[in-house]
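Heads up: the structure comes next, in C-alpha cells.
So you know, we letter chains A, B, ... as the sequences are listed, proteins then strands, and number each from 1. A quick note: this is a predicted structure, and the numbers were derived from the prediction, not measured. As a basis for the values below, the full set of heavy atoms in this structure was taken, side chains included, without hydrogen atoms, waters or symmetry mates.
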Amino acid sequence: MTEILAAACIAILVVMAIALARAFKAPTVYDRILGVNMFGTKTVLFIAASGYLMGRPDFLDIAIVYALINFIGMVAVLRFFEYTSPIE
Amino acid sequence: MLEQHLAALPIILPLIAAPIALILGRTVLSWGFATLVSGLAFILSWQLLSAALSEGVISYAVGGWAPPWGIELRVDAANAFVLLAVTAISTLVLVYSKESIEKEVKVANHALFYTAHLLCLAGLSGILITGDAFNLFVFLEISSLATYTLVSLASDRRCLTAAFRYLVMGTIGATFILIGVGLLYMKTGTLNMMDLAVRIDAYDSSRTINTGLAFIMVGVSIKLALFPLHMWLPPAYTHAPSAVTAFLASTATKVAVYVMIRFIFTVFGIDHVFVDMGMGLILMVLAVVAIFKCSYMATVQSNVKTILAYSSVAQIGYMILGLSLVSVAGLMASMIHIFNHALMKGALFMAVGAVFYRVGSVDIKAFAGLGRKMPLTMAAFTIAGLSIIGVPLTAGFVSKWYLVTAALEQGNWIVAALVLIGSLFAIIYIGRVLEAAYFQKLPESRKSENIKEVSWLMLVPMWVIVIANIYFGIDTSLTTEAASSASEWLFQTNNMLENSALENNVSEANVQEVSS
Amino acid sequence: MAEFIDLVLLAMLALTALRIIFLKDLFAVVMLFGIYSFLSALIFVNLDAVDVAFTEASVGAGISTVLMLVTLAMTGRKEKQSTHSTLLPLFVVLVTGAALIYGTLDMPPFGHPDNPVHQHVAPRYIEESPKEVGLPNMVTSVLASYRGFDTLGETVVVFSALIGVLSLLGVRRKKKKDLESGLETHSVLHVVSKIIIPLVILFALYVQFHGDFGPGGGFQAGVIAAAAFILYALVLGLPKAFAVVGPKFLQWMASFGVLLYASVGLYSMYKGGHFLDYNKLAADPIAGQHYGIIIIELGVGITVFAVMLNIFYAFGSQAERSNVQ
Amino acid sequence: MDFLDIVSSMLLLAGVFFGFSGAVGLFRFPDFFTRVHAASVTDSIAAILIIGGLLLQTSFDLNTAKLVFILLFLLVTSPTASHALAKSARHGGLLTLAESSSQDKQESAK
Amino acid sequence: MSFIFDYYNYWIVVFLMMAGFYIVISANNLVKKIVGLNIFQTSVFMLYISMGKVTGGTAPIVVEGVTQYSNPLPHVLILTAIVVGVATTAVGLSLIVRIKQAYGTVEENEFENKDDAI
C-alpha cells in the first residue's frame, strides 16, 4: 500500500511542477493567478497524501490552512487587481 | 520583594508601560506616564549598578528554569554601567520631548511617539541585560522596529526614505546576527552565552564557528554604524525628529558597541578573536578611517544635524579604536567614552532641537546671530561642543585622555597622534557653528519673528546633561571606577574561560556534562 | 523517500527564487513570492517542523502576500530599469556566499542523530518536558514555558509593528461619500464567503486551544481569525468590516493581549517565583504550567489577531482612498 | 492487500490520473479560458478521488473528520475561485480565442 | 553519493540566501527589496530547521511507541523569527505607501532628483 501512496505523492509533485511552470511562463496576469491557485490545491492534496505515507496523518490541520490561505490570496488578488490591464 | 527581581525589572517595566501608554491616548497623560516609567527605570538601574559593583555578577533565570534550558539575564558592572546611561538619557529626552515634538510630530501621533519610545527603551535594556544569544536578537528587533517608527514620525518627507534605508540595512544586520547565532548553535547545541563560551573553547578552531563569529561581527557593526556600513546613520539622524535624534544618538549605537564588546570578551575570548582571526588590525584600521573620513565629511556639511551625525560616526570610531588596543586600559577608555559620548551628543542634539523649535530650520545659516537671541541654548551647545573637542575640564577630555594613555602604554604612538589629529577636525566643525552663532548678526528677515529662549521644559534637561558633562569632566570617580571594574571583570571572565577550556581539552568527553 | 521529496521541493524553491530575480513585473514577483512561501512551508512539513509550517503558511504566505498586493495596488506594477551597474551587488553577494560556503565545510552532516545539536540542551526538552510541563506538543511547551520570555518579546515585536503602521498610515473612519465596497459584482463570492467565514473562525478557535496537543497555538490561531475577517473585509468592503470590528477596539485588544501575557509573569512574581514561572501559579506545578500556557497562548492569540487585522485595515483604507481618487 | 486497500489504491491512481490530465491541459491549451476550464474541472475530481482513497485508509477517528472537512472546503472554494477568476478576467477585457481571432480578421480586413 | 545528501540542504540554503541578498541590494523598486528581504530571511529559517531534523525521527509531538524525535528548539526559534519577519515587512510596506504618497514614486533611481542628498 505504501508504494501506491509513494507513487501518488510523486505524481502530485509532478503536477505541482507543471503548475509552477505555468505560473512562471504565463503571458497574462490571470494565467499566473491560475497557476498559483492550482499549485495551492495540489499542495493540499500532497500534504494529505504524504501525511499518510509518513505515518503521521494528524498534520491535516496544515492542509486546511493551506486551502484557506490559497482561497483568501485568490480573493485578495481579484479585489485589488480588478481594473488593471491583463496583458503586462 | 524588589531586590530579588532587580535584574528583570528594568526590562519588564517599560515593556508593560508601552501598551498602557497607547491606551492612555491623550498626549499629556501618556507623556507623564512615560516619563514616570523612565524615571523609575533610571532609579532601578542605579540600584542595579551598585548591586553589580558590590556583588559582581547577578544572574536571574526567567521562568524558573536553570540557565542553559531557560533564558538567563546576566547583569555585571559593564552592562549596568551602560544601562545607567541609557535610562538617564531616556528620562531627560522624554522631559525634553513634551514641547519639542509639538512642532515636529502630528498631534494624532503623540501617544504613538511615547509608546514607541518606551518600546525602544525596553528593547535597549533587554539587549544589555539578556544572557541568551537568541533573546538578544528578539530584543534587537524590538528596539529596531521602535526606532524605524520613531525616525519616520517627522514631518519632513525625507525622513521616510531615511527610515526605509535604515530598515533595510538594520534588518540585514539583524539577519546576519541570526545566521551567526545559528552557526554557533549548530556546533555547540546551546544558546546561553556563558555556556556558549565554554563549549566554543572546546573546539580549538572550527571553520563554522569562525564564520559564525564573522557574521555576528558584521551584523553588529552594521548596527553600530562602523565605517563602511554607516550609510544609514546620517540621513536617519538628520531627518528624524530632534527628540528622537537626541535619544538615538546617545544610546542606540552605544548599546551595539557594548554587544560587540560582550561577544568578543565573554563569548569568543580575546585570543580567538584577536589572535586567530586577526580582528584587531581590521578594527583598528576601520576605526582610524572612520575617524578621519567622517570628521572630514562633518566639516563640509551645511545642515548642523548632519554635521553632528557624521561626528557621531567618528566618535564611534574612537570607541572601536579603544577596543582594538586589546588591553585593560583600552577597554576602559572605550567604556568611559560610551558614557561620556552619550552625554555630549545628548546635549548637542537637544540644543539643535531647541533652535529648530524656535527658528524652524537647522541649517547653519539658521544659527546666525542666535548667540544673543537664545543665550542659554547656545551656551549649552558651546560647552557640549568643547566637550566633543576634548577641552580639559569636560567629559570629552577624560575619555580622550584615557584613550591616548592606553595607546601610549602599548608604545603605539601613531594611534595616539591620530586621536589628537582627529580632534582638530572637531574644532573645525564645532567652530563653524559657534562662529555663525556668535560672530554673525541676525539677518533682517528674522528680526521680526522675535526669537526668544525656549521654555524651561526644554532647557532644564539640556542643562542637566551639560552640568553632568562638566561634573564628570572634573570628578571622574564614578565613571572611571565603574569602567575599570567593568573592563577588569571582562578580562577576568576571558581568562577564566581560557583556563576552564584548558582542563576541558584534557578530557573532551566531559564537555557535555560541564553544564547539564 | 523523504529525502527525495526534500530534494525535489528544494529544487523547485531554488527555481522560484531564480525566476523572481529576473522578473520585472511586480505583480508576478508577489505571486511567485506567495508560491515561495507555500513551498517553504511544505519543506518545513517534510522536515518535521509542523508548527513552523503552520505559521509560515498562515503568516508568511497569507498576511505578507495580501499586504504586498495592497501596496502594489497603490504603487504600480512596473519596475523601471535601475541605472547603477549590477557589478557591486554581485561582488558583495559572491563574497558573502563564499564566506557561507566556507562555513559549511565542517558543519555536522544533515540529519545525523549524533550531531552536537541533539546532545546538549535538546535531550532534556524531549525527555522531561512531557513530565515537567505535561504537554504532548514539545514545541508549545518549550515556546511557552522554557523560553516564555522569547515569546513575550515576540508578542511585543508584533505590538511595535502595529505602532509603526498606525503612526505611518493611521486608520481613519470612513466618510459615507467615498463608500468603496468590496467585490460587489461577484455575488457568488458573497454567498460562499458568508458560508465559510464562520467555519474559519471555528477552525481558528480549534487551533488556539488545540495548540497543546497538536500543531497550533496562539500565533497561528490569531492569524487565521484575522484572515477570516480580512476575507469579510475584502468581499463586503471595509465600511462593513469597520462596523463589525472597529479599529479603535482592535487597538485596545492588542494592548490587552500584551498586558494579559505580562500579567501572568507578574502574578508568578507576586506568588514568589521568578518572572513567568508557571509552577507557582497553582498548588500543583503541572496544573500551574497548564494554566500559564493556556493564558499566555490566549494573550498571544488576541494580540496577533488584533494587530494583523488592524494592519490590514490601515492598508485597506489607504488602498480604498487611492482607488477612489 | 485486502479489499479496502485495492479500492483505495484504485481511487488514488484514478485521482492522480485526472490531476495529471488537468496539468497537461493547463500547459498545452491555447488561451486562458480553456486553461481555466481544464484546471478547475480536474481539480475537483482529483480532490474527490484522492481524498476518497485516503478516507478508506483511516479507521473512523479525528483524521476522518479532518479529511471530510478538507474535501468539503475544497469542493466549495476551488470552483468559486475559478468562477471568480474567469468572471474578473472577462471584466478585465480578456478576449477568448474565437473573439480575438475574429478581431484579428477584422483588423486585417480593414 | 551519501556526501551529497549530507550537505544538499545547506548548499540550497546558501544559494537562496545569496539570491535574496542579491535582490535586496540590486532591486530598484522598493517593494521588490522587501520581497528580497523576505526571501533572505526565509532561507535563514530553513538553515535552522534543517539543523534540527533527525532522519527517521518524527515531529516533536509525543506519540506512543515513538522514541526518535526531531529537535524542538530550532522550531521554537523560527516561530519567533517568522513573526519578527512579518512585523518588519508590515512596517516596510507602510513606509513604501507613505513614500509613494510623498514622492509620487517608489523607484530608487527617481529619488535623487526629487531631493538633495538622500
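Interface residue C:Pro113: backbone and side-chain heavy atoms are both found under 4.5 Å from chain E. Only the side chain of C:Ile311 comes within contact range of chain E, judged by heavy atoms closer than 4.5 Å. Contacts between C:Ile163 and chain E at a heavy-atom distance below 4.5 Å are absent for every atom of the residue. Both the backbone and the side chain of E:Met18 come within less than 4.5 Å of a heavy atom of chain C. With a 4.5 angstrom heavy-atom cutoff, E:Ile23 touches chain C only via side-chain atoms. Heavy atoms of E:Tyr69 lying under 4.5 Å from chain C belong to its backbone as well as its side chain. With a 4.5 Å cut-off on non-hydrogen atoms, C:Thr151 does not touch chain E at all. Within the 4.5 angstrom heavy-atom criterion, only side-chain atoms of E:Leu77, from C-beta onward, approach chain C. Both the backbone and the side chain of E:Ala27 come within less than 4.5 Å of a heavy atom of chain C. Residue C:Ile126 touches chain E through its side chain alone, counting heavy-atom pairs closer than 4.5 Å. Using a 4.5 Å cut-off between heavy atoms, E:Ser50 touches chain C through backbone and side chain atoms alike. Of the two parts of C:Pro215, the backbone and the side chain both hold a non-hydrogen atom closer than 4.5 Å to a non-hydrogen atom of chain E. Proximity to chain C is limited to the side chain of E:Val106, based on heavy atoms less than 4.5 angstrom apart. Residue contact with chain C, scored on non-hydrogen atoms closer than 4.5 Å, involves the backbone and the side chain of E:Leu93 alike. Only the side chain of E:Val31 comes within contact range of chain C, judged by heavy atoms closer than 4.5 Å.
To the nearest 0.5 Å, atoms CD1 (E:Ile78) and CZ (C:Phe44) are separated by 7.0 Å. The distance from atom CG of C:Leu9 to atom CD1 of E:Ile12, rounded to the nearest 0.5 Å, is 11.0 Å. Remark: E:Asn71 CG to C:Tyr125 OH distance equals 9.0 Å, nearest 0.5 Å. Rounding to the nearest 0.5 Å places CZ of C:Phe33 at 4.0 Å from CG of E:Asn38. The CG atom of C:Leu13 lies 5.0 Å from the CG atom of E:Leu16; values are rounded to the nearest 0.5 Å. Separating the CG atom in C:Leu67 from the CD1 atom in E:Ile96 is a distance of 11.0 Å, to the nearest 0.5 Å.
With hydrogens and angles disregarded, no donor-acceptor distance shorter than 3.5 Å links the side chain of E:Lys100 to the backbone of C:Thr71. Between the side chain of E:Tyr8 and the backbone N or O of C:Leu7, at least one donor-acceptor pair lies under 3.5 Å.
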Report the C-alpha distance between E:Thr42 and C:Glu56 in whole Å, list the side-chain angles of each, state the deciding distance to 0.1 Å, and finish with yes or no for side chain to side chain contact (heavy atoms under 4.5 Å, CB included). CA-CA 9 Å; E:Thr42 312; C:Glu56 171 68 23; 4.1 Å; yes
